[in-house]
Amino acid sequence: MTLSYAAHTAIILDFETTGLSPNMGDRAIEIGAVKIEQGQVVDHFQGLMNPGFRVSSFIESYTGITNNMLATAPNCETVMTEFADFIQGYNLIAHNASFDQRFLDAELDRINRRYSGSFCCSMLVARRLYPHATNHKLGTLVHQLALENDGTFHRALADAKMTASLWCHMLDTIEDQYQLSSVPFSVMQKISKTTKASVPSYLQKLKA
DNA sequence: TGCCAGGCCCTCTTTAGGGCCTT
């Protein structure tokens, strides 16, 4: 499958995990993702997964995912095999993508699977588009931009849905502000890695 | 032994330090 050129077609994903670092033994406990095509949500994926050990009370409290819920969940390998199929052929987006990419890479390494898309970070783009936001946490941006949400935070599918809303809002912002008809995924990646000061001039050049 | 993330980004910077963001 050929990767889409446009930023409006991608998969937005979010992991809940046992901690911050797969290199320190942390594992995924939930994956949530939404697939957008031409800016419309066309599919989603959600799965709890049993990491093989008890999660801390902090994680239970932070995510609302309890050890009882995980006791009956399939293992990480089973869920991640299905997820590897789901993401094939799509570019990938996450809020603070370096975190989710580390866990995706670590979990897929365990089942010897790879993905064909490339990542873009919604947080890095938001920092450049909305430099005056109070902060660039997902919840803060959702609130300040008045994006649709159901009040659920720190669950994988809910966070993926909110990140998708943020992503589409940022595309609208760019297209309106610079009168662009369609923003390539590669342009969003470029924005995420560009200094704040040079973003306007970069987009002006695209407009020209 | 004791400690333990990691990448981005700003600034009192680049021979560094600390805050932000993710769980």
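Small disclaimer: the values here were computed from a predicted structure and weren't measured. Lettering of chains follows the sequences in order, A, B, ..., and the numbering in each one begins at 1.
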Rounded to whole Å, please give me the gap between [atom1] in [X] and [atom2] in [N].
X	N	atom1	atom2	answer
A/R155	B/dT23	CZ	P	12 Å
A/M162	B/dT22	CE	C1'	13 Å
A/I191	B/dC8	CD1	C1'	17 Å
A/E16	B/dT22	CD	C1'	10 Å
A/D105	B/dG7	CG	P	12 Å
A/L138	B/dT22	CG	P	7 Å
A/R102	B/dT23	CZ	C1'	10 Å
A/F99	B/dC8	CZ	P	16 Å

Roughly how far, to the nearest 0.5 Å, is CZ of A/R27 from CG of A/N50?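 Rounded to the nearest 0.5 Å, the CG-CZ separation comes to 9.5 Å.
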Interatomic distance at [atom1], [N] relative to [M], whole Å:
N	M	atom1	answer
B/dC8	B/dT1	P	35 Å
B/dG19	B/dG2	C1'	25 Å
B/dT13	B/dG18	C1'	12 Å
B/dC10	B/dC3	P	33 Å
B/dG17	B/dC12	C1'	10 Å

Closest approach of A/Q189 and A/F119, non-hydrogen atoms and distance?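 Where A/Q189 meets A/F119 most closely, the heavy atoms are NE2-O, 2.9 Å.
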Whether [X] contacts [N] is assessed here as follows: a side-chain N or O lying under 4.0 Å from the phosphate OP1 or OP2. Is that the case?
X	N	value
A/N96	B/dC8	no
A/H154	B/dT23	yes
A/H136	B/dC21	yes

If you look at every strand shown and take non-hydrogen atoms under 4.0 Å, does [X] touch a base, only sugar-phosphate, or nothing?
X	result
A/T18	nothing
A/D14	sugar-phosphate
A/L124	sugar-phosphate
A/M24	base
A/F103	nothing
A/S122	nothing
A/D100	nothing

Charged N to carboxylate O under 4.0 angstrom, A/R113 versus A/E82?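 No, no charged N to carboxylate O under 4.0 Å.
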From the set [options], return the single nucleotide nearest to any side-chain atom of [X].
X	options	value
A/S21	B/dT23, B/dA5, B/dT22	B/dA5
A/N23	B/dT23, B/dG6, B/dC21	B/dG6
A/M123	B/dG6, B/dC21, B/dT23	B/dC21

By nearest nucleotide on DNA chain B, pick out whichever of A/K193 and A/N135 is the more 5' one.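 Taking each residue's closest nucleotide, the earlier one in sequence belongs to A/K193.
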Say whether, by atom type as modelled, one donor and one acceptor occur between the side chain of A/Q88 and the main chain of A/R114 under 3.5 angstrom.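 It does hold such a pair.
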Give a yes or no on whether the backbone of A/S21 and the side-chain of A/D26 come within a donor-acceptor separation of less than 3.5 Å.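 Looks like yes, one N/O pair under 3.5 Å.
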List for me each residue that meets ring pair (Phe, Tyr, Trp, His ring centres under 6.0 Å) alongside A/F58, sequence neighbours excluded, and say none if there are none.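 Once residues adjacent in sequence are excluded, the partners of A/F58 under the ring pair (Phe, Tyr, Trp, His ring centres under 6.0 Å) criterion are A/Y62.
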Parallel, tilted or perpendicular: which describes the rings of A/F45 and A/F86, with under 30° parallel and over 60° perpendicular?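 Tilted.
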